[in-house]
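Before any comments, here is the structure.
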Amino acid sequence: MKLLFVNLETLPDIDGARRMFELPAELQEKDVAKVLFHQHVSTRGREQIFLQPWQARIAVIRVIAISDVRARLFSFDMQQSEEMELLQQLHDVLDDSSDTFCWDQGRDLNALLHIRSMIHELKFDAAPLRTVEQLLRMQTGSNSLEAIAARFGLQAMAMQGDELSWKQYRQQGIEPLCQRCQTNVIATAHLGLRHLLTAGELERQHYNQIMTACGEL
């Protein structure tokens with residue numbers, strides 16, 4: 001058995017916004033972002049806190065890979081790699097998996113991966129991510145990860161949306177996004193594995209061994 005649990009953090013696609021809105025090259029990033037978020041709010045409403053897949057770039061990736069009773073954490077982010085490289089790194093990890101899960105919360109992560117790969121003309125033929133929400137018989141985006149995780153005594157951090165993430169990134173750098181991404185992928189893995197236990201797809205001893213390994217991440 002090999003399972004993957006994936007989480008992503010995004011930031012506004014500044015280069016893409018310059019092209020879409022024909023903005024001058026000398027316009028500062030913060031002002032380009034203002035144009036992008038204004039357009040997003042005016043067309044989709046303020047309640048839609050995540051940008052569309054062609055408006056947001058991937059900034060942070062965290063993956064937990066479960067193989068037998070071992071757990072491994074993969075960490076990729078924009079400090080180390082350009083977005084195209086991040087996608088390639090993720091594809092290489094996903095390509096070796098039998099099943100991959102995420103907590104989507106209305107972010108449309110499968111579309112994000114597909115559209116961002118198209119933008120970079122990068123082959124990305126990994127199987128679509130499955131959502132833990134669907135495993136739990138919940139509509140994707142109807143409940144927050146931190147609310148569900150709290151009931152199980154798990155730590156998770158609110159997915160605050162792209163505009164707040166952008167402000168946080170400009171004030172504090174990439175580290176808060178990395179921390180949130182890692183905290184939430186661990187919570188996602190714990191919930192997914194608990195489901196597999198109660199659905200009879202994992203034996204108790206195997207589950208306990210995996211959870212011990214996850215606790216060491």
(message) Restricting to non-hydrogen atoms, name the atom on Leu197 and the atom on Leu202 that form the minimum distance, rounded to 0.1 Å.
(response) CD1-O, 3.6 Å

(request) Just jot down the salt bridge (Lys or Arg N to Asp or Glu O under 4.0 Å) partners of Asp104, sequence neighbours excluded, or say none. (result) none

(request) State, with a plain yes or no, whether a side-chain heavy atom of Ile64 is found less than 4.5 Å away from one of Leu3. (result) no

(request) Examine the side chains of Gln55 and Gln39 and answer whether a donor and an acceptor come within less than 3.5 Å of each other. (result) yes

(message) Counting only heavy atoms from other residues, nucleotides and ligands, does the tally under 6.0 Å from CD of Glu203 exceed 12?
(response) no

(message) Can you list everything that forms a salt bridge (Lys or Arg N to Asp or Glu O under 4.0 Å) with Arg116? Sequence neighbours excluded, please.
(response) Asp13, Glu83

(request) Hydrophobic side-chain clustering at under 4.5 Å (ILVMFWY, transitive links): who's grouped with Met118? Put none if nobody. (result) Leu11, Ile14, Met20, Phe21, Leu23, Leu27, Val32, Val35, Leu36, Phe37, Leu51, Trp54, Val60, Met78, Ile115, Ile119, Trp166, Tyr169, Ile174, Leu177

(message) Testing the basics here: between Gly141 and Glu133, what is the closest heavy-atom pair and its distance to 0.1 Å?
(response) N-OE2, 3.8 Å

(message) For Arg46, give me all partners under salt bridge (Lys or Arg N to Asp or Glu O under 4.0 Å), at least two apart in sequence or on another chain.
(response) Glu163

(request) Using salt bridge (Lys or Arg N to Asp or Glu O under 4.0 Å) as the criterion, list what pairs up with Arg180, not counting sequence neighbours. (result) Glu9

(message) With a 4.5 Å cut-off on side-chain heavy atoms, are Leu191 and Thr188 touching?
(response) no

(request) With sequence neighbours excluded, give me every side-chain hydrogen bond (donor to acceptor under 3.5 Å, both in side chains) pair touching residues 207-217. (result) Arg194-Tyr207

